[in-house]
> 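Dropping a structure here in structure tokens format, bear with me for questions.
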Amino acid sequence: MATVMDRNRDMNPNGDMNRNGDDQGVRYASGVGVGDPEVDAILQSESVRQRSTLQLIASENFASPAVLAAAGSVLTNKYAEGYPGRRYYAGNRFVDQMESLAKERLARLFGAEHVNVQPHSGSNANAAAYLALLEPGDTVLAMSLDQGGHLTHGSPVNFSGRLYDFVPYGVTAAGPDGERIDFDQVADLARRVRPKLIVAGATAYPRVIDPAPFRQIADEVGARFLFDAAHVAGLIAGGVHPSPFGVADVVTFTTHKTLRGPRGGAIACSEELAKGIDKAVFPGLQGGPLEHVIAAKAVAFGEALRPSFKQYAAAIVANAKALAASLESEGLRLVSGGTDNHLVLVDLRPFDEELSGKVAQEALEAAGIVANRNQIPGDPRSPFVTSGLRLGTAAQTTTGMGEPEMETIGRLIGRALRSRGDESATSAIADDVAGLCQKFPPPGAERP
Ligand code: DSN
């Protein structure tokens with residue numbers, strides 16, 4: 001039966017509960033809950049999960065309390081189709097200020113001529129870029145998913161592979177200095193198929209992606225060049241990876257991975273392409289922009305402009321190298337033999353031919369270590385099973401973990417994989433993981 005409090009809450013979700021002395025409003029104001037017991041219970045559980053287990057998914061991070069607050073702000077209430085100064089609805093004076101602020105900060109962060117902060121995700125950013133640059137059926141060169149690329153780089157099950165004629169390139173064979181982008185193949189294919197667009201960027205490639213050779217090949221064959229910086233945008237912002245801004249015609253990226261902002265996407269391009277890109281995002285692909293997320297993007301770009309972000313980006317890479325060394329000492333083979341960025345890609349086969357990525361992921365999760373299975377170049381197993389694991393350091397670096405902790409994590413991973421199926425050993429590892437996590441709470445840890 002509904003209580004008076006429930007009825008009040010139903011009738012007036014605007015905060016009167018707080019003025020009436022009800023503690024739900026107080027809890028909401030302090031960021032401890034939203035005042036809906038069922039929702040709060042789930043949020044609380046997720047908060048505990050994030051705090052007590054290791055977050056090693058390479059595309060995740062812990063956004064700051066300021067980013068979380070902006071994403072949960074009143075701007076969620078506003079419709080703002082269009083762009084600052086050219087909206088299709090009234091009441092956008094402050095929304096315009098916010099979106100302009102986000103754009104100004106982003107352009108300054110990367111030295112970009114033109115930016116669009118409206119894409120809801122990295123996939124949308126890529127879709128908009130293709131819409132601006134291509135006609136259906138046009139030929140595009142991109143790294144295939146099974147070599148480290150992304151679904152939107154032409155996977156046959158994705159809109160990109162269905163609408164455009166993607167020709168995949170990959171990495172060189174395993175060996176010393178192997179498993180690197182095969183630029184001979186990129187150049188050969190480009191000369192042969194004369195693509196309209198060449199895409200660089202990856203989701204499971206542990207090495208630096210230099211935009212210069214792509215630019216050279218694109219110029220030689222008269223193609224446009226798109227750099228998908230979704231994973232490494234934060235490393236570029238922090239000055240530890242080469243910048244594709246001003247080199248590629250279009251740069252797309254997400255704001256929530258190494259850049260540590262809210263979940264979302266963005267695009268940067270030259271002035272020459274600005275109109276086409278803007279039209280492709282709206283009205284071409286999306287309707288109303290998520291202005292609360294754009295506010296959170298503004299916060300994140302402001303954070304990335306601070307000098308301390310350079311130290312953060314350098315620490316992500318140093319941590320990935322330390323994790324790589326530790327995993328190797330546990331007998332795990334790393335694709336390309338190491339890392340230059342925020343992730344390592346483990347080839348599980350030499351460790352245990354029978355151990356799939358799926359089983360390894362589950363064994364690690366049981367021990368409190370959260371990572372994702374991933375195909376490795378030439379993987380004989382399906383994308384659902386895989387022979388690899390992808391591990392990233394961006395999130396745990398945000399909590400303040402450093403190289404000694406990465407060394408420990410590598411050993412915990414080795415232990416967890418070796419003792420898979422052994423409940424008491426796994427539970428002992430989960431205890432060790434929780435003890436480690438307790439010493440390094442994420443920012444705003446008490447906020448669900
Ligand atoms: N979210 C991306 C990643 O995990 O790399 C894939 O879309």
Side-chain angles (χ1 to χ4, degrees), residues 50 53-63 119-130 142-162 166 168 170-171 181 199-209 226-236 241 251-267 285 293 297 300 316-317 320 323 335-336 339-346 357-358 360-361 364-365 369-377 379 382-386 388-398:
Q50 290 188 15
T53 57
L54 285 165
Q55 309 310 316
L56 299 180
I57 290 181
S59 45
E60 294 181 356
N61 211 325
F62 291 111
H120 301 333
S121 66
S123 292
N124 278 23
N126 283 346
Y130 298 157
M143 190 181 224
S144 61
L145 185 59
D146 62 351
Q147 296 279 305
H150 185 247
L151 274 173
T152 58
H153 296 180
S155 164
V157 295
N158 184 258
F159 80 91
S160 55
R162 295 180 63 182
F166 271 81
V171 297
I181 290 172
V199 178
T203 64
Y205 183 70
R207 295 297 178 176
V208 164
I209 301 182
L226 184 156
F227 194 105
D228 179 345
H231 268 260
V232 293
L235 303 183
I236 295 163
H241 268 216
V251 181
T252 57
F253 52 100
T254 54
T255 49
H256 51 276
K257 297 186 176 95
T258 51
L259 200 47
R260 207 166 57 182
R263 298 194 71 82
I267 306 179
L285 185 73
V293 178
K297 288 174 182 172
I316 292 175
V317 176
L323 178 63
V335 170
S336 84
T339 180
D340 304 322
N341 60 18
H342 61 303
L343 68 86
V344 295
L345 189 59
V346 179
K358 185 169 184 295
Q361 175 188 306
L364 291 184
E365 185 167 15
I369 301 168
V370 184
N372 69 280
R373 62 186 182 272
N374 211 102
Q375 281 195 301
I376 51 169
D379 202 321
S382 76
F384 195 71
V385 179
T386 83
L389 268 180
R390 189 184 66 162
L391 304 157
T393 56
Q396 292 304 160
T397 303
T398 294

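In this chain, numbering begins with 1 at the start of the sequence shown. In each ligand, atom 1 is the first atom listed, and ligand 1 is the first ligand listed. All figures in this text were calculated on a predicted structure; none of them were measured in a lab.
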> With a 4.0 Å cut-off on heavy atoms, is Glu60 in contact with ligand 1?
no
> Numbering the atoms of ligand 1 from 1, which are under 4.0 Å from a heavy atom of His231?
3 (C), 5 (O)
> If we ignore angles and hydrogens, is there a donor and acceptor under 3.5 Å between the side chains of His231 and Asn341?
no
> Applying the side chain to side chain donor-acceptor pair (under 3.5 Å) criterion to Arg260, which one of Thr398, Thr255, Thr397 satisfies it?
Thr398
> What part of Arg263 sits under 4.0 Å from ligand 1 if we count only heavy atoms: the side chain, the backbone, both or neither?
neither
> For Gln55 and Thr53, test the side chains for any donor-to-acceptor distance below 3.5 angstrom and give the result as yes or no.
yes
> Look at the side chain of His241 and the backbone N and O of Ile236, then say whether any donor-acceptor pair between them is shorter than 3.5 Å.
no
> Among all protein heavy atoms in this structure, tell me which lies nearest to atom 2 (C) of ligand 1, with the distance rounded to 0.1 Å.
Lys257 CE, 4.0 Å
> May I ask you to list the atoms of ligand 1 that are less than 4.0 angstrom from any heavy atom of Thr203?
5 (O)
> Just which atoms of ligand 1 are under 4.0 Å from any heavy atom in His150?
6 (C), 7 (O)
> Under the side chain to side chain contact (heavy atoms under 4.5 Å, CB included) criterion, do Met143 and Val171 qualify, and how do the steps go?
CA-CA 8 Å; Met143 190 181 224; Val171 297; 3.6 Å; yes
